[in-house]
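Taking it in order: structure first as structure tokens, then the write-up.
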Amino acid sequence: MRLILLGPPGSGKGTQAQRVVDTVSVLHLSTGAMFRQAVAESNEVGLQVDPYLKRGELVPDDLVTAVVVNRIDQDDCDSGFLLDGFPRTMGQAEALGQFLEKSSKQLDGVLLPLVSDSEIVDRLSGRRVCTEPDCQKVFHIKYDPSQREGICDGCGNRLIQREDDHQETVRNRLRIYHEETIPLIEYYRQRSLLKEFDGIGTVEQVGQRLLALIETK
Ligand code: AMP
């Protein structure tokens, strides 16, 4: 199954994607996580994307698309993937479409959690992430707290607030989402791929709605 999880930053994509891959056999590909890992490793991609991540701005289309296309072309993606955080611009959506068409592959669905801007600001300011690059588990001080404050339940490392989750950067990311990513909703609706679901509720409730959509595919 080839799926896209669309939606604004802070709509719970990362958390929900973790649940989907535990249930359905697809690979979770988060461009944000790939980039944060590249930054932690200070590799060539990491050095290029670091300034964009710090400012909460989008990495240029050519670079993101090259990283994603390269990744989904590998054998372990043959059984399917769940893209989280990509595509985010019309240019990226078109480049992905062209690549899939050339490889005679098709998308099965584009999943969109419905969440308001005010909810997003609330969620992002309470979000805490694991500092271990291979873990990157996500928690929320109010909705999904770790068992020990500031410590990851998964690997025991320290949890931090991401630099781009600070209020000013969150506003910038939301503005970019409205300008660049919202047009993709219509793009995928016209292709009969869009599946919207209520993104408000506990992690469990939202997860069940999402899995129900995937399982009816
Ligand atoms: P995320 O964890 O998905 O919010 O991504 C963190 C950051 O990585 C974003 O604020 C961007 O700087 C960068 N990024 C991730 N995915 C993309 C994308 N599809 N296009 C451009 N930049 C991206």
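Just so you know, residue 1 is the first one in the sequence shown, and it goes up from there. Remember, it's 1-based here, ligands and their atoms both numbered in the order they're listed.
Of the possible donor and acceptor atoms, one in the side chain of E132 sits under 3.5 Å from a partner among the backbone N and O of D134.
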Side-chain donor-acceptor contacts of residues 147-158 below 3.5 Å, not counting sequence neighbours, with atom names and distances?
residue	atom	partner	partner atom	Å
D153	OD1	Q147	N	2.8
D153	OD2	Q147	N	3.4

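Put simply, part of R36 is less than 4.0 Å from ligand 1, judged by heavy atoms. Using a 4.0 Å cutoff on heavy atoms, R162 counts as a contact of ligand 1.
For atom 22 (N) of ligand 1, the closest heavy atom belonging to the protein is V59 N, 3.0 Å.
Following chains of ILVMFWY side-chain contacts shorter than 4.5 Å, one cannot reach V138 starting from L124, and the two form parts of different hydrophobic clusters.
Distance check: R123 CZ to I200 CD1 gives 5.0 Å after rounding to the nearest 0.5 Å. Going from atom OG1 of T31 over to atom CD of Q92 covers 7.5 Å, rounded to the nearest 0.5 Å.
Residue L53 holds the heavy atom nearest to atom 13 (C) of ligand 1 of all those in L83, L53, D50, V39. Checking E57, R88, K54, M34 against atom 3 (O) of ligand 1, the nearest heavy atom belongs to R88.
Near R173, meaning under 4.0 Å from any of its heavy atoms, are these atoms of ligand 1: 4 (O). Of all atoms in ligand 1, numbered sequentially from 1 with element shown, those under 4.0 Å from a heavy atom of V64 are 18 (C), 19 (N), 20 (N), 21 (C). Using a 4.0 Å cut-off to heavy atoms of Q92, the atoms of ligand 1 that qualify are 18 (C), 19 (N), 20 (N), 21 (C).
With respect to R189 and E196, a salt bridge is recorded, a charged nitrogen being found less than 4.0 Å from a carboxylate O.
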